[in-house]
Amino acid sequence: LFGLVFGRLSSQTTLVTLEGYVADEQGSALPGAKINIKNMDTGYAYSTISKEDGRYILSGIQPGKYEIEVSLSGFQTQKKQGLVFNVGARLTVDFVLNPATVEEEVVVTAQAPMVEVTRSEVSKVIDRTKIEDLPFLDRDFSSLAIMKAGVQESRSNAQPGGSEEIIVDGVSNEWVGRNVQRTNIPADAIEEFRIMTNQFQAEYGNTSGMVWTAITRSGTNELRGRLSFFYRDETFDDVNYFINHATYQGAELPKDQWQKPPYSHNLFGGFVGGPIKKDKAHFFLSYEGQLHTEYATITSPLVPKETVDVDSDYHRGLAKFNYQLNERNLLSLRYTLDKRSNTNQGVGGLYTKERAYDFLLTNNEIQTGWNFYPTDFSMNEFRFLFSLSVRDYPVHSPGSYTIDRPSGYFGKYPNMPQRHEEKRFQVANNFSLFLGKSNNNSSKKLTISLNNSSLLTSLCNSLFIDVGLILYSPGKLN
């Protein structure tokens with residue numbers, strides 16, 4: 001299967017674009033002003049200069065907390081601190097510089113929340129604070145998407161499941177079999193993510209539902225880490241109230257009506273991140289594991305009543321390395337592991353042990369990125385992804401026949417066993433050229449994107465090549 005599509009782009013889906021206007025007190029444009037941007041946590045720096053119409057634009061900025069400094073000879077240097085750039089944001093920050101007879105600097109701190117006035121999409125950002133503070137027992141960060149109005153579980157806009165686009169660090173995170181999330185990343189490793197349900201720009205596509213775009217955490221100039229452990233069992237579960245009541249004088253009840261069923265839930269993990277070289281190179285490691293056991297009771301009258309353990313275990317890990325060679329080159333490398341094991345699935349009630357099957361999943365994923373700024377008015381973003389996903393569904397009764405009766409179900413499921421193997425190669429290269437004309441006070445962005453993905457499964461071989469061209473003109477910025 002081969003497809004050539006115009007209009008589906010993945011450029012700038014997780015990074016930040018900053019633009020603005022530099023003027024004097026009378027509102028006249030100030031060309032040649034130096035704009036320096038610095039991440040207050042990692043020390044990563046970006047810079048550009050204002051053009052002849054006083055406008056500037058910087059793209060490919062990592063989300064985080066920043067300070068911006070604008071300087072021009074003969075004018076006061078102005079600095080704004082504490083600016084928070086969210087994932088996939090396009091922000092406008094203007095500056096008015098006052099003349100200075102001596103060297104002066106004006107520092108503005110405690111900025112109000114930034115508003116994206118150039119965006120029309122309907123979206124919501126789930127930031128690190130919400131991921132830290134809100135409870136979600138399954139530790140799947142995507143479950144917080146329900147905080148956006150119109151989202152139900154993993155669906156939106158009344159679309160069926162699998163109609164969404166899921167992007168992590170600028171590359172796809174979807175399993176081709178059902179177009180659902182391929183790799184579950186530890187919640188501690190997610191910096192933030194954005195949910196877009198309507199009116200998103202042409203650079204997003206491949207969806208009739210919502211778009212999830214997330215970015216993983218990186219190390220900072222401070223060494224930080226945490227360990228966590230959560231445990232629960234049947235100790236605090238209550239059995240039959242009347243059996244334990246001091247005044248109960250009834251007949252002795254069967255054991256299964258008063259004995260506590262087995263249950264255990266162990267959730268553990270941690271992360272550590274910090275500098276390898278201050279302001280230049282950083283690392284981040286995260287791990288999360290779960291050991292969960294509950295039970296299912298077989299009640300079919302055709303077999304003896306029996307309780308079987310149902311286990312749901314997983315191990316998830318992430319390792320990430322970032323290195324800013326200089327202001328014009330930022331490199332990244334990420335490895336992700338997602339391993340799950342669910343046993344005795346499909347058993348309980350009228351479904352006998354012969355119906356049991358297991359679900360075994362192993363995802364290995366490696367991603368590299370390179371942001372390169374050839375000039376002050378252009379940027380090239382390169383992404384490469386390789387992932388290997390193996391999903392296995394072994395059955396407990398491989399030689400049995402499927403028998404369905406009103407009072408019991410025997411034999412393996414008719415569509416079991418199954419095995420799916422997906423190999424995904426994705427290469428995305430996005431070149432952005434920022435143009436401006438002083439006569440109409442507009443800023444144009446020209447983006448050419450080539451996205452080449454090769455998908456291999458047990459069902460199909462697919463090659464998709466997407467080429468897109470966007471001409472962006474936000475209009476007057478000041």
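Keep in mind the model is a prediction, meaning the values are calculated, not measured.
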Using atom types as modelled and distance alone, determine if a side-chain donor or acceptor of Gln290 lies under 3.5 Å from a backbone N or O of Ser312.
-> yes
Could you check His265 against Phe230 for side-chain contact (heavy atoms from CB on, under 4.5 Å), going step by step and ending with a plain yes or no?
-> CA-CA 8 Å; His265 183 81; Phe230 175 83; 3.7 Å; yes
Mind checking whether Phe284 and Phe271 have ring centres under 6.0 Å apart?
-> yes
What class does the angle between the rings of Phe85 and Tyr66 fall in, given that below 30° is parallel, 30 to 60° is tilted and above 60° is perpendicular?
-> parallel
Exceeds 12 heavy-atom contacts within 6.0 angstrom, atom NZ of Lys353 | no
Would you say the side-chain atoms of Glu422 and His420 include a donor-acceptor pair closer than 3.5 Å?
-> no
So does Asp188 pair up with Arg226, basic N to acidic O under 4.0 Å?
-> yes
Could you tell me whether Arg355 and Asp404 have a side-chain N and a carboxylate O separated by less than 4.0 Å?
-> yes
If you look at every heavy atom in Leu325 and Lys280, which pair is closest and at what distance?
-> O-NZ, 3.2 Å
To the nearest 0.5 Å, what is the distance between CD1 (Ile167) and CD1 (Ile215)?
-> 12.0 Å
Decide side-chain contact (heavy atoms from CB on, under 4.5 Å) for Thr216 and Arg334; before the verdict, give the C-alpha distance in whole Å, the side-chain angles of both, and the deciding distance to 0.1 Å.
-> CA-CA 9 Å; Thr216 55; Arg334 170 172 64 88; 3.8 Å; yes
Please determine if Glu288 and Arg316 form a salt bridge, counting it only when a charged side-chain N lies under 4.0 Å from a carboxylate O.
-> yes
Ionic contact status for Arg217 with Glu192, cut-off 4.0 Å | no
Tested for side chain to side chain contact (heavy atoms under 4.5 Å, CB included) against Leu360, the lone hit among Asp392, Thr343, Asn342 is Asp392
Please assess Glu69 against Lys80 for the test salt bridge (Lys or Arg N to Asp or Glu O under 4.0 Å), listing each intermediate value before the final yes or no.
-> CA-CA 6 Å; Glu69 181 183 279; Lys80 294 185 179 181; over 6 Å; no
Considering all heavy atoms of both residues, which atom of Gly20 and which atom of Thr92 are nearest to each other, and what is their separation?
-> CA-CG2, 4.4 Å
N-O pairing of Lys412 and Glu354 below 4.0 Å = no
So, does Lys320 use its side chain to make a donor-acceptor pair with the main chain of Tyr335 at under 3.5 Å?
-> no
Any donor-acceptor pair under 3.5 Å linking the side chain of Gln324 with the backbone of Ala45?
-> yes
Take the angle between the ring planes of Tyr409 and Tyr351 and call it parallel below 30°, perpendicular above 60°, tilted in between.
-> parallel
Answer yes or no: is there a donor N or O on one side and an acceptor on the other, between the side chain of Ser300 and the main chain of Ser407, under 3.5 Å?
-> yes
Is a side-chain donor-acceptor pair under 3.5 Å present for Tyr323 with His282?
-> no
For Gly60 and Tyr373, work out which heavy atoms get closest and say how close.
-> O-OH, 3.1 Å
Decide if the gap between the ring center of Tyr263 and the ring center of Tyr295 is smaller than 6.0 angstrom.
-> no
Are any side-chain N or O atoms of Asn326 and backbone N or O atoms of Asn329, one a donor and one an acceptor, separated by less than 3.5 Å?
-> yes
More than 12 foreign heavy atoms under 6.0 Å from OH of Tyr401: is that the case here?
-> no
Specify the closest pair of heavy atoms between Ser47 and Leu58, including all atoms of both residues, with the distance to one decimal.
-> O-CD2, 3.9 Å
Between the side chain of Asn221 and the main-chain N/O of Asp279, is any donor-acceptor distance below 3.5 Å?
-> yes
Where does the angle between the aromatic ring planes of Phe425 and Phe384 fall among parallel (under 30°), tilted (30 to 60°) and perpendicular (over 60°)?
-> tilted
Report the distance from atom OH of Tyr231 to atom CG of Leu267, rounding to the nearest 0.5 Å.
-> 13.5 Å
Residues which pass ring-ring contact (aromatic ring centres under 6.0 Å, His included) with Phe321, listed by chain and number, not counting sequence neighbours = none
So, does Asp338 use its side chain to make a donor-acceptor pair with the main chain of Asn184 at under 3.5 Å?
-> yes
Side chain to side chain contact (heavy atoms under 4.5 Å, CB included) with Lys339: of Asn363, Thr362, Asn364, only one passes, and it is Thr362
Kindly assign one of parallel, tilted or perpendicular to the pair Tyr413 and Tyr357, based on the angle between their ring planes and the thresholds 30° and 60°.
-> perpendicular
Take Thr293 and Val310 through the side-chain contact (heavy atoms from CB on, under 4.5 Å) test and state the conclusion after the steps.
-> CA-CA 6 Å; Thr293 300; Val310 179; over 6 Å; no
Quick one: which of Leu330, Ile35, Asn371, Asn36 gives a side chain to side chain contact (heavy atoms under 4.5 Å, CB included) with Tyr46?
-> Leu330
Criterion side chain to side chain donor-acceptor pair (under 3.5 Å) on Ser218 and Asn322, from CA distance to verdict | CA-CA 7 Å; Ser218 301; Asn322 292 83; 3.1 Å; yes
In terms of side-chain geometry, is the basic nitrogen of Arg194 or Asp127 positioned less than 4.0 Å from the acidic oxygen of its partner?
-> no
Between the CD1 atom in Ile37 and the CD1 atom in Ile68, the distance rounded to the nearest 0.5 Å is 5.0 Å
Does the Gln426 side chain pair with the main chain of Ser172, one donor and one acceptor, at a distance under 3.5 Å?
-> yes
Check: Asn39 main-chain N/O paired with Thr42 side-chain donor or acceptor under 3.5 Å | no
Considering only NZ, NE, NH1 and NH2 on the basic side and carboxylate oxygens on the acidic side, decide whether Arg182 and Glu365 come within less than 4.0 Å.
-> yes
Does the distance from a Lys or Arg side-chain N to an Asp or Glu carboxylate O, for Arg383 and Glu381, drop under 4.0 Å?
-> yes
Looking at Ser286 and Pro186, what are the two nearest heavy atoms and their distance?
-> OG-CB, 3.5 Å
Would you call Glu174 and Arg424 a salt bridge, taking side-chain N to carboxylate O under 4.0 Å as the test?
-> no
